[in-house]
**Q** 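Submitted below is the structure of interest, expressed as structure tokens.
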Amino acid sequence: MKLPDYDPQRIEAKWQRIWEERGAFHASDGDRSREKYYVLEMLPYPSGTLHMGHMRNYTIGDAVARYKQMRGYNVLHPMGWDAFGLPAENAAIKNGTHPRDWTNANILEFRRVLKRFGFSYDWRREISTCDPDYYKWNQWLFLRMLEKGIAFRKKSKVNWCPDCVTVLANEQVIDGFCWRHETTQVEIRELEQWFLRITAYSDRLLEDMAQLEAGWPERVLVMQRNWIGKSKGALVKFDVARMEGLALEVFTTRIDTIYGASAILLSAEHPKLKALLEQVPGNSGMAAQLKAMGQKSMRAADIATAEKEGFFTGRFAVNPFSGDHVPIWVANFVLAEYGTGAVMCVPAHDQRDYEFAGKYRLPVKIVVERATGAPLRADRMEEAFTEHGRLVQSGPYTGLTSAEALEKMAADAQSKGFGEAQTTYRLKDWGISRQRYWGTPIPVVYCQKDGIVPVPDNQLPVRLPENVTITGQGQSPLASVPEFVNTNCPKCGGHARRETDTMDTFVDSSWYFYRYADPHNDAAPFDKEKVRYWFPIDQYVGGITHAILHLLYSRFFCKVMRDLGLVDHDEPIARLFTQGMVQKGGVAMSKSRGNVVGAIEMADKYGCDTGRMYTLFAAPPGKDLEWSEQAIEGSSRFLNRVYRLVEKHAPRLHGVAIDLNSQTDLSKCTPKEKILVRKTHQALKRVTNDFEVRWHFNTSVAVIMELVKELQTQEPLDRDVSPVILKRVLTVLALMLAPMTPHVAEELGEMLALAGGIGRGRWPVYREDLTREEQIEVIIQINGRLRGKILVEENLGEDETLDRALKDPRISVLIDGKTVAKTVVVVKKLVNIVLR
RNA sequence: GCCCAAGUGGCGGAAUUGGCAGACGCGCUAGCUUCAGGAGCUAGUUCUCGCAAGGGAGUGGAGGUUCGAGUCCUCUCUUGGGCACCA
């Protein structure tokens with residue numbers, strides 16, 4: 001008799017309804033009776049269609065959330081929408097829809113899909129960043145930062161994407177191209193912008209990484225560390241010869257090489273260049289060269305590969321250490337934005353300087369000698385010697401090691417008044433002004449009399465006006481809405497103009513996870529006590545693409561909020577997991593590539609549990625996964641097999657009482673039962689371990705598959721297997737499946753009459769301790785010498801025996817006093833002993 | 001150039017501390033079932049020699065440590081990722 005397959009559509013709808021009615025995933029704030037667990041997936045930008053790449057992220061988070069719930073935790077597992085952003089405006093231009101309508105329609109669809117998958121979200125806490133109840137608190141936080149001087153306005157060179165028609169943060173520029181428009185070169189423009197002073201937090205962002213080392217992927221920390229780019233060095237002042245009062249400041253990390261300086265190099269945009277070139281004969285030619293160079297330096301993309309070029313300014317600078325006069329050059333490879341925009345050129349000990357000196361015949365003077373080996377010779381060098389060593393030809397510092405010199409020379413420079421030790425960072429302040437409509441309005445007004453005036457808290461939120469024409473023609477769309485722009489100054493009551501730029505949407509996502517703790521608070525961004533209860537986030541799950549942007553900004557916001565007294569922790573996220581992408585045809589799924597596997601289509605065809613199982617099974621969660629229409633059939637077949645197996649045996653098990661907390665007495669078991677009990681416990685142990693420490697859910701699935709296979713091999717299960725044992729085994733099987741394929745698991749639980757269903761506190765516990773009777777004593781000898789003695793678990797199948805180590809005459813193994821055949825278990829333990 | 005990760009069957013991938021390499025799944029082969037297709041079930045499936053029993057080789061490559069290495073050490077090659085005139 002062939003049993004019918006399970007009907008995923010029916011049971012998925014059924015259990016989703018039941019969960020909803022029970023409020024099964026409602027987190028309770030401040031519950032002290034249970035340990036809390038906050039698991040979060042990165043909130044999606046609602047655009048396009050949800051595909052299996054998204055679903056993988058949510059499936060991993062959901063499996064962890066459900067597992068932790070089954071372990072008895074008070075789990076917070078929320079979902080929301082990163083709803084502001086450019087695509088809404090582009091759609092508005094293209095289709096004539098309002099960005100709000102377009103976004104809301106997308107949210108509706110996204111919510112429908114996520115509900116269709118039955119993820120265990122507490123939907124009461126759903127947030128949307130374009131909701132005035134949410135962005136009000138963006139504005140509120142901005143005003144607090146304004147008060148503290150963290151938010152400030154300055155005119156500066158900014159990255160401008162002609163396709164986005166807006167400014168980009170440094171973090172949004174990749175090799176000179178826009179992060180959204182991979183083929184659009186970013187232009188440099190000079191604009192008045194709002195900035196957040198993230199640089200004030202450079203050191204704390206670095207130092208607090210120590211707290212993240214246990215829970216964050218190493219490479220994310222490395223990327224952030226590189227991005228902050230801290231370097232310790234010194235500032236040294238070179239006077240310009242024959243120009244009273246004019247001096248050039250140089251930043252160097254290698255002050256120990258200063259006696260080898262052959263020149264001073266300035267960037268083409270150096271502020272003192274103009275003064276320097278006055279009265280120099282032939283400076284008109286230089287102006288032309290400068291202009292050419294300046295234009296080139298705007299094209300950040302090809303700087304790294306460009307040929308080194310420069311010209312002599314006609315001026316000299318005085319090395320304050322040696323008194324040498326060195327020529328001042330302008331060089332194209334000197335970065336204006338880093339350090340002071342001026343560097344010393346030490347050809348012998350810096351590769352770039354070496355190349356530059358070679359081209360323009362500047363002298364190469366060796367001032368650091370390597371510790372061992374033949375002395376360096378300037379005429380024999382093929383590249384610069386950039387390592388530390390011992391100083392030569394360096395006046396009073398000759399003979400010191402580089403390390404000693406670095407310290408002493410910086411200190412001397414300070415005491416003699418021509419320099420000081422200094423640390424510089426690659427990190428720059430975060431420009432948040434965007435000349436776009438669909439974002440949070442920046443809550444300030446400009447008054448002729450009072451200047452920049454913050455909007456008072458009681459006038460928040462500054463709402464986005466509804467009737468706006470979005471043309472995509474540059475300048476903020478809000479500027480063309482007189483009702484919005486024209487307002488009264490909160491201070492003097494006179495006429496004032498509102499700020500028409502909106503905030504970078506990364507502001508929205510830098511603190512959203514706090515709002516989940518208290519999503520409907522209208523008096524504050526959140527209640528401090530609730531946040532204290534839930535934070536830090538125990539597990540954050542998302543893509544590696546946010547390694548710098550979102551995650552660095554979030555850490556920054558946390559620290560600012562801590563300084564504002566809003567939170568009392570240093571870091572918002574205790575553990576981070578970066579899952580791999582889902583690919584089709586070797587590339588990430590994306591609408592533009594046309595290789596997406598739609599989540600709804602997949603669920604309609606196979607059921608969402610099959611999709612969940614496949615994404616967990618096909619690869620470990622950290623690796624990229626190639627979607628295979630063929631391979632997913634395997635997951636589908638497996639779920640059908642389990643379903644039919646339980647369906648077949650369940651009727652016989654009705655009314656059989658089991659107690660999962662009691663231990664089975666193996667000595668009273670039939671051999672068949674013994675095997676089943678053992679296999680079940682082994683599987684449980686492995687799955688538990690996968691969830692607790694390993695995060696290899698593919699092996700969890702494999703191990704459950706093995707158990708099912710074993711059950712099938714042991715058929716007929718109504719012979720030599722008591723109903724109690726069988727029911728226990730099948731129940732544990734259903735419980736193990738629950739985090740991964742929750743609907744199927746619930747259905748199995750119902751068939752087995754599992755009282756109360758699958759929920760909080762239901763995760764079964766495997767046995768750790770064995771009685772003496774279940775163990776055997778193993779003695780290992782090598783060359784007749786005792787190497788160890790250990791008690792091991794009695795081996796299960798005698799057929800699993802034997803092996804090579806035994807054939808080695810030097811090794812003998814005694815089990816319970818006799819030299820015998822060994823099992824795998826024994827051999828494994830043996831190794832440990834031998835090594836000890 | 002610098003830093004990080006990874007190289008295992010036809011494919012995705014197992015192998016928790018060094019101890020049966022290839023679990024589990026896909027695909028493929030044969031058989032049963034079926035009018036047929038599909039689905040299901042059974043058996044097989046690292047390569048190689050052999051009708052067979054059985055033998056040999058094998059975790060990118062070369063050395064090393066060890067009774068024993070996919071795993072540890074040294075060197076090397078390849079692929080992926082990050083950073084890249086940051087002085």
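Below, chain A is the first sequence line, B the second, and so on; all start at residue 1. Hydrogens, waters and symmetry mates are skipped; everything else that's a heavy atom, side chains included, is used.
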**Q** Are side-chain heavy atoms of A:Lys359 and A:Glu309 found at a separation under 4.5 Å?
**A**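 A side-chain contact under 4.5 Å exists here.
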
**Q** Would you tell me if any nitrogen or oxygen in the side chain of A:Lys709 comes within less than 4.0 Å of OP1 or OP2 on B:G25?
**A**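 Answer is yes, contact under 4.0 Å.
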
**Q** Tell me the interatomic distance from A:Glu337, atom CD, to B:A87, atom C1', rounded to whole angstroms.
**A**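 Going from CD in A:Glu337 over to C1' in B:A87 covers 14 Å.
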
**Q** Which nucleotide, B:A87, B:C4, B:G12, lies nearest any side-chain atom of A:Ala618?
**A**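 Closest nucleotide among those given: B:G12.
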
**Q** Quick one: A:Met581 CE to B:G80 C1', roughly how many Å, whole number?
**A**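 Between C1' of B:G80 and CE of A:Met581: 11 Å.
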
**Q** Does the side chain of A:Tyr606 reach to within under 4.5 Å of the side chain of A:Met613, using non-hydrogen atoms?
**A**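 A:Tyr606 vs A:Met613: side chains apart.
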
**Q** When you match A:Met705 and A:Ile544 each to their closest nucleotide on RNA chain B, which lands nearer the 5' end?
**A**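 With A:Met705 and A:Ile544 compared, the 5'-side residue is A:Met705.
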
**Q** What nucleic acid atoms does A:Ala631 come within less than 4.0 Å of, heavy atoms only: base, sugar-phosphate, or nothing?
**A**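 Sugar-phosphate only.
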
**Q** Is it true that A:Asp203 and A:Tyr425 share a donor-acceptor pair across their side chains at a distance under 3.5 Å?
**A**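 Short answer, yes.
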
**Q** Only pairs with both distances under 3.5 Å count, Watson-Crick or wobble alike; so what is the partner of B:U79 in this structure?
**A**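 Pairing partner: B:A5.
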
**Q** Determine if the base of B:G9 is syn or anti; take syn to mean the glycosidic torsion is within 90° of 0.
**A**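 Syn conformation for B:G9.
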
**Q** Measure CZ/A:Arg644 against P/B:A39 and give the value in whole Å, please.
**A**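 In whole Å, B:A39 P and A:Arg644 CZ are 13 Å from each other.
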
**Q** Need one value for A:Glu626: base, sugar-phosphate or nothing, where a base atom within 4.0 Å counts as base even if backbone is also close, heavy atoms only.
**A**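 No contact at all - A:Glu626 keeps every heavy atom at 4.0 Å or more from the nucleic acid.
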
**Q** Should A:Phe321 and A:Tyr397 count as side-chain neighbours, where that means a heavy-atom distance under 4.5 Å?
**A**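 Yes. Closest side-chain heavy atoms under 4.5 Å.
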
**Q** Expressed as a whole number of angstroms, how long is the span from A:Arg694:CZ to B:G13:P?
**A**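 To the nearest whole Å, that distance equals 15 Å.
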
**Q** Looking at A:Leu711, A:Leu707, A:Leu737, which one forms a side-chain contact (heavy atoms from CB on, under 4.5 Å) with A:Val642?
**A**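 The residue from A:Leu711, A:Leu707, A:Leu737 that satisfies side-chain contact (heavy atoms from CB on, under 4.5 Å) with A:Val642 turns out to be A:Leu737.
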
**Q** A:Asn698 side chain to A:Ala619 main-chain N or O, any donor-acceptor pair under 3.5 Å?
**A**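 Judged by distance alone, no pair lies under 3.5 Å.
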
**Q** Take atom C1' in B:A43 and the same atom in B:G37, then report the distance between them in whole Å.
**A**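 It comes out at 23 Å once rounded to the nearest Å.
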
**Q** In the structure shown, which nucleotide is the Watson-Crick or G-U wobble counterpart of B:G25, with both distances under 3.5 Å?
**A**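 The base-pairing partner of B:G25, which may sit in any strand shown, is B:C11.
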
**Q** For B:G9 versus B:C83, give the span between their P atoms, rounded off to a whole number of Å.
**A**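 Approximately 31 Å lies between the P atom of B:G9 and that of B:C83.
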
**Q** Using the C1' atoms only, state how far B:G13 lies from B:C49, rounded to an integer number of Å.
**A**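 It works out to 30 Å between them.
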
**Q** Nearest of B:A14, B:C85, B:G27 to any side-chain atom of A:Asn332?
**A**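 Out of B:A14, B:C85, B:G27, the nucleotide with an atom closest to A:Asn332's side chain is B:C85.
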
**Q** Respond yes when some side-chain nitrogen or oxygen of A:Arg641 is under 4.0 Å from OP1 or OP2 of B:C24, and no when none is.
**A**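 Checking B:C24 against A:Arg641, no side-chain N or O comes under 4.0 Å of OP1 or OP2.
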
**Q** Does a donor on one side chain and an acceptor on the other come within less than 3.5 Å for A:Ser231 and A:Tyr338?
**A**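 Yes, a side-chain donor-acceptor pair sits under 3.5 Å.
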
**Q** Please determine whether any donor N or O and acceptor N or O are separated by less than 3.5 Å between the side chain of A:Lys308 and the base of B:C85.
**A**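 Indeed, a donor on one side and an acceptor on the other fall under 3.5 Å apart.
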
**Q** Roughly how many Å is it from NZ in A:Lys232 to P in B:A87, rounded to a whole number?
**A**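 These atoms are roughly 14 Å apart.
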
**Q** Between A:Arg612 (CZ) and B:G25 (P), how many Å, whole number?
**A**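 That distance rounds to 22 Å.
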
**Q** Given B:A23, B:C85, B:G13, which nucleotide is nearest the side-chain atoms of A:Ala702?
**A**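 It is B:A23.
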
**Q** Specify the residue among A:Asp624 and A:Val222 whose closest nucleotide of RNA chain B lies further upstream toward the 5′ end.
**A**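 Nearest nucleotide further toward 5': that of A:Val222.
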
**Q** Should B:G40 form a Watson-Crick or G-U wobble pair with both distances under 3.5 Å, which nucleotide is its partner?
**A**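 Looking at the geometry, B:G40 pairs with B:C32.
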
**Q** Report yes or no: does A:His349 contribute a side-chain atom to a donor-acceptor pair with the main-chain N or O of A:Val367 at less than 3.5 Å?
**A**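 Yes, the answer is positive, given that a donor and an acceptor are paired below the 3.5 Å cut-off.
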
**Q** Do A:Val236 and A:Met344 make a side-chain contact, defined as non-hydrogen atoms from C-beta onward lying under 4.5 Å apart?
**A**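 They are not in contact (no side-chain heavy atoms under 4.5 Å apart), so the answer is no.
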
**Q** Look at the side-chain N and O atoms of A:Lys623 and state whether any lies under 4.0 Å from the OP1 or OP2 oxygen of B:G13.
**A**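 True: A:Lys623 side-chain N/O within range (under 4.0 Å) of B:G13 OP1/OP2.
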
**Q** Is there a side-chain contact between A:Arg637 and the phosphate of B:G40, meaning an N or O under 4.0 Å from OP1 or OP2?
**A**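 Checking B:G40 against A:Arg637, a side-chain N or O does come within under 4.0 Å of OP1 or OP2.
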
**Q** Establish, with yes or no, whether the OP1 or OP2 oxygen of B:A14 is under 4.0 angstrom from a side-chain nitrogen or oxygen of A:Asn698.
**A**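 Indeed, a polar side-chain atom of A:Asn698 lies that close.
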
**Q** May I ask you to list the residues of residues 349-357 of chain A, by number, that have any heavy atom positioned under 4.0 Å from an atom of RNA chain B?
**A**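 Going residue by residue through residues 349-357 of chain A, the ones with a heavy atom under 4.0 Å of RNA chain B turn out to be A:Arg352.
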
**Q** Determine, for A:Phe356 and A:Lys308, whether the Lys NZ or Arg CZ falls below 6.0 Å from the six-membered ring centre while staying within 45 degrees of the axis.
**A**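 No, cation not above the ring by the 6.0 Å, 45° rule.
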
**Q** Within less than 4.0 Å of OP1 or OP2 of B:C86, is there a side-chain N or O belonging to A:Tyr425?
**A**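 Negative; the distance criterion is not met.
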
**Q** Identify which nucleotide among B:A14, B:G12, B:C4 has an atom closest to any side-chain atom of A:Arg219, counting heavy atoms from C-beta outward.
**A**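 So the side chain of A:Arg219 is nearest to B:C4.
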
**Q** Check the distance between B:C24's C1' and A:Gln712's CD and give it to me in whole angstrom.
**A**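 Nearest whole value for this atom pair: 14 Å.
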
**Q** Between B:G25, B:C85, B:A87, which one does the side chain of A:Ser231 approach most closely?
**A**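 Taking heavy atoms from C-beta onward, the closest nucleotide is B:A87.
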
**Q** Describe the nucleic acid contact of A:Gly339 in one word from base, sugar-phosphate, nothing, applying a heavy-atom distance below 4.0 Å.
**A**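 Answer is nothing: A:Gly339 stays at 4.0 Å or more from every strand.
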
**Q** Now, which nucleotide makes the Watson-Crick or G-U wobble pair with B:G58, with each of the two distances under 3.5 Å?
**A**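 Partner of B:G58: none.
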
**Q** Please give, in whole Å, the distance from B:A87 P to A:Leu235 CG?
**A**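 Interatomic distance, CG of A:Leu235 to P of B:A87: 14 Å.
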
**Q** Applying the Watson-Crick and G-U wobble criteria at under 3.5 Å, what pairs with B:C67? Answer none if nothing qualifies.
**A**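 Matched B:C67 with B:G19 under the 3.5 Å cut-off.
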
